[in-house]
Amino acid sequence: MKSLRIISALALLLSFTTALAQPVPGDDENIPFLMTFGKDSETEWGDDNFVQIIFFSIPTDCSTPIYIRVFDPDCGGKNDELRGDWNTKTRFSIYGGKDACSNKDAQKSNVKGKFKSGTMIATKTFGQDPTTDDKWYTFGPFNPSEGEDLPEFGGRTFKLVIEGLNGDDGNMYRLFLSRKKDDNVKVDGAFAYYFKYKFRLHDSGSEISHIYPYIDDKTISLKQSNFDWDKDGMLRIISVAKNGEMMKVSDNNEWVTSTHKVADEEKNTSWDIQMIKFKNKPLKNNNVVIFLENQYGELMPFYSVPIGGIPKYKYTIGVKPKK
């Protein structure tokens with residue numbers, strides 16, 4: 001049942017895929033960086049378990065090599081978050097083959113069990129390294145056939161696991177799926193998705209960030225869980241039927257949840273969950289975590305591009321019948 005729902009969503013996604021689907025965070029998300037802290041860090045800095053997992057889906061008809069590029073993979077320098085001395089190492093590992101992405105442990109909010117399932121096809125650990133600071137590092141080339149064959153997720157899928165090893169600093173980075181080693185060139189029809197998202201908010205109160213879950217026709221409610229938002233603004237839903245429904249926002253080092261009903265007209269559309277900072281006292285260096293579940297307790301993926309386009313609220317005008 002779940003696979004059929006995903007196939008329907010992916011068929012629609014592929015009809016809207018553009019170059020915006022290639023970067024992570026996606027352009028429409030307006031999120032400055034992904035983040036992973038060293039495992040010796042305090043969770044109050046915004047990382048609950050020091051692991052992030054990103055999936056990349058490649059169309060089955062793609063036969064040219066692909067590359068996974070990481071911007072600023074080292075921890076130390078221009079974009080990262082220092083705690084005392086630079087002492088953090090971050091491991092980036094890419095997995096393909098059977099069970100790499102379909103294993104349910106890789107699709108959960110915790111990092112227990114076989115979340116590193118599949119065949120590791122590339123790995124590298126970065127510490128403080130001026131040669132990769134504020135620069136792109138490229139993994140690959142990879143033959144698309146090395147990914148796990150998952151038609152229900154749009155094609156052959158690769159898993160990128162980012163782990164904060166020793167240290168307590170925060171590593172800020174971005175990703176790009178490319179068909180060129182030395183440049184960010186889109187892979188036609190490819191996209192990224194993720195079940196749990198960890199990222200840095202903008203410092204400016206004038207910026208609005210977004211995530212875009214797709215609501216399939218079997219989803220009747222959505223529960224969001226967010227961590228360590230420091231009450232730094234508000235979360236609201238924009239959809240074809242919701243014009244600013246508010247979600248609960250967490251304080252420092254805490255989880256909060258809120259559950260939201262899905263209207264019939266919202267099925268087979270995306271939600272725009274907007275992250276709006278308070279303009280009078282916006283926090284700096286605020287790192288946060290969020291994930292979503294449907295009524296079955298299954299994590300719902302976010303996509304790097306909103307399926308069906310960015311949703312717009314549909315105003316209705318009541319017409320009174322004549323007496």
In the hydrophobic cluster built from side-chain contacts under 4.5 Å, what are the other members alongside Ile208? Met234, Met246, Ile276
For Glu163, run the salt bridge (charged side-chain N to carboxylate O under 4.0 Å, His left out) check against Arg91, Lys124, Lys89 and tell me which one passes. Arg91
Would a hydrophobic clustering, with Ile, Leu, Val, Met, Phe, Trp and Tyr connected at side-chain separations under 4.5 Å, put Val249 with Met247? yes
The reported gap from CZ in Phe37 to CG in Asp80 (rounded to nearest 0.5 angstrom) is 9.5 Å
CG of Leu235 to CD1 of Ile290, rounded to nearest 0.5 Å, is 5.5 Å
Show me the pairs that pass ring-ring contact (aromatic ring centres under 6.0 Å, His included) and involve residues 62-81, at least two apart or across chains. Phe71-Trp136
Taking the side chain as C-beta and beyond, is there a heavy-atom pair between Ile66 and Ser178 under 4.5 Å? no
Thr64: what forms a side-chain hydrogen bond (donor to acceptor under 3.5 Å, both in side chains) with it, not counting sequence neighbours? none
Any Lys/Arg nitrogen of Asp149 or Arg156 sitting under 4.0 Å from an Asp/Glu carboxylate oxygen of the other? no
Heavy-atom check, side chain of Thr125 versus side chain of Phe92, under 4.5 Å: no
Report yes or no: do Tyr173 and Thr36 form a side-chain donor-acceptor pair below 3.5 Å? yes
Point-to-point distance, once rounded to the nearest 0.5 Å, from OG of Ser304 to CZ of Phe176: 10.0 Å
Would you sort out whether Arg69 and Asn184 count as a side chain to side chain contact (heavy atoms under 4.5 Å, CB included), showing the intermediate values? CA-CA 8 Å; Arg69 310 190 74 214; Asn184 292 335; 2.8 Å; yes
Quick one: CD on Glu148 to OG on Ser117, what's the gap to the nearest 0.5 Å? 7.5 Å
Taking all non-hydrogen atoms of both residues into account, name the closest pair between Pro306 and Ile310 and its distance. CG-CG1, 3.7 Å
On a heavy-atom basis, which atom in Thr219 and which in Lys267 lie closest, and how many Å separate them? O-CE, 3.4 Å
Against the six-membered ring of Phe115, is Lys112 placed for a cation-pi contact (under 6.0 Å from the centre, within 45° of the normal)? no
Correct closest heavy-atom pair for Pro144 and Pro65 would be CD-CA, 4.4 Å
With a cutoff of under 4.5 Å between side-chain heavy atoms, which Ile, Leu, Val, Met, Phe, Trp and Tyr residues group with Leu82? Trp86
Quiz question: by atom type and distance under 3.5 Å, do the side chains of Glu29 and Tyr197 form a donor-acceptor pair? yes
Which heavy atom of Cys75 sits nearest a heavy atom of Thr90, and at what distance? CB-OG1, 4.4 Å
Pair Phe126, Tyr137 - check ring-ring contact (aromatic ring centres under 6.0 Å, His included), show working. CA-CA 11 Å; Phe126 299 86; Tyr137 179 88; 5.1 Å; yes
Please determine whether a side-chain nitrogen of the Lys or Arg among Lys198 and Asp47 lies less than 4.0 Å from a carboxylate oxygen of the Asp or Glu. yes
Does the side chain of Lys196 reach to within under 4.5 Å of the side chain of Asp48, using non-hydrogen atoms? yes
Please say whether more than 12 non-hydrogen atoms of neighbouring residues, nucleotides or ligands are located less than 6.0 Å from NZ in Lys231. yes
Do Thr157 and Tyr193 come within less than 4.5 Å of each other through their side chains, counting heavy atoms only? yes
Are Lys78 and Asp134 close enough for a salt bridge, meaning some N to O gap below 4.0 Å? yes
Could you walk me through whether Val161 and Met120 pass the side chain to side chain contact (heavy atoms under 4.5 Å, CB included) check? CA-CA 10 Å; Val161 178; Met120 181 189 291; over 6 Å; no
For Phe33, does the six-membered ring have the charged nitrogen or CZ of Arg174 within the cation-pi criterion, i.e. under 6.0 angstrom from the centroid and within 45° of the normal? yes
Side chains of Asp168 and Asn87: does their closest heavy-atom pair fall under 4.5 Å? yes
By side-chain hydrogen bond (donor to acceptor under 3.5 Å, both in side chains), His202 pairs with (sequence neighbours left out) Asn30
If I take atom NZ from residue Lys159 and atom OG from residue Ser93, how far apart are they, to the nearest 0.5 angstrom? 10.0 Å
Apply the test side chain to side chain contact (heavy atoms under 4.5 Å, CB included) to residues Tyr212 and Asp272: give CA-CA distance (whole Å), side-chain angles for both, the deciding distance (0.1 Å), then the verdict. CA-CA 5 Å; Tyr212 298 101; Asp272 177 3; 3.7 Å; yes
Quiz question: by atom type and distance under 3.5 Å, do the side chains of His260 and Gln224 form a donor-acceptor pair? no
side-chain contact (heavy atoms from CB on, under 4.5 Å) partner of Leu160, chosen from Leu175, Leu177, Ile53: Leu175
Pair Asn286, Arg200: side-chain N/O donor-acceptor within cut-off below 3.5 Å: no
Single-linkage hydrophobic cluster, 4.5 Å side-chain cutoff, Val111 and Met35 together: yes
Taking all heavy atoms of Ile58 and all of Ala190, pick out the closest pair and write down the distance. CD1-CB, 4.1 Å
With the side chain counted from C-beta on, respond yes when Leu34 and Val24 share a heavy-atom pair under 4.5 Å apart, and no when they do not. yes
Can you confirm whether the side chains of Glu266 and Trp271 place a donor and an acceptor under 3.5 Å from each other? yes
Contact between Glu293 and Leu222 at the side-chain level, heavy atoms closer than 4.5 Å - yes or no? no
Applying side-chain contact (heavy atoms from CB on, under 4.5 Å) between Val288 and each of Asp230, Ile31, Leu201, report the one that passes. Leu201
So Asn166 and Asp40, side chain to side chain contact (heavy atoms under 4.5 Å, CB included) or not? Walk me through it. CA-CA 6 Å; Asn166 57 291; Asp40 300 322; 4.0 Å; yes
Is it the case that one hydrophobic cluster holds both Val51 and Leu299, taking links as side-chain heavy atoms less than 4.5 Å apart, direct or via other members? yes
At their closest point, which heavy atom of Ala122 faces which heavy atom of Phe139, and how far apart are they? CB-CD2, 4.0 Å
Ile68 and Ile94, any side-chain heavy atoms less than 4.5 Å apart: yes
Do Val70 and Ile121 land in one hydrophobic cluster if side-chain heavy atoms of ILVMFWY residues count as linked below 4.5 Å? yes
Would you mind checking if Lys135 and Asp133 are paired as a salt bridge, meaning a charged N to carboxylate O distance below 4.0 Å? no
Following the transitive rule for hydrophobic clusters with a side-chain heavy-atom cut-off under 4.5 Å over Ile, Leu, Val, Met, Phe, Trp and Tyr, establish whether Ile237 and Ile211 coincide in one cluster. yes
Restricting to pairs with a member in residues 226-248, which pass ring-ring contact (aromatic ring centres under 6.0 Å, His included), not counting sequence neighbours? Phe227-Trp255
Can any side-chain N or O of Glu207 pair as donor or acceptor with the backbone N or O of Ser204 at less than 3.5 Å? no
In this structure, which one of Thr257, Asp232, Asn226, Asp228 forms a side chain to side chain donor-acceptor pair (under 3.5 Å) with Ser250? Asn226
Quickly, which of Phe55, Phe291, Phe302 forms a ring-ring contact (aromatic ring centres under 6.0 Å, His included) with Phe195? Name it, please. Phe55
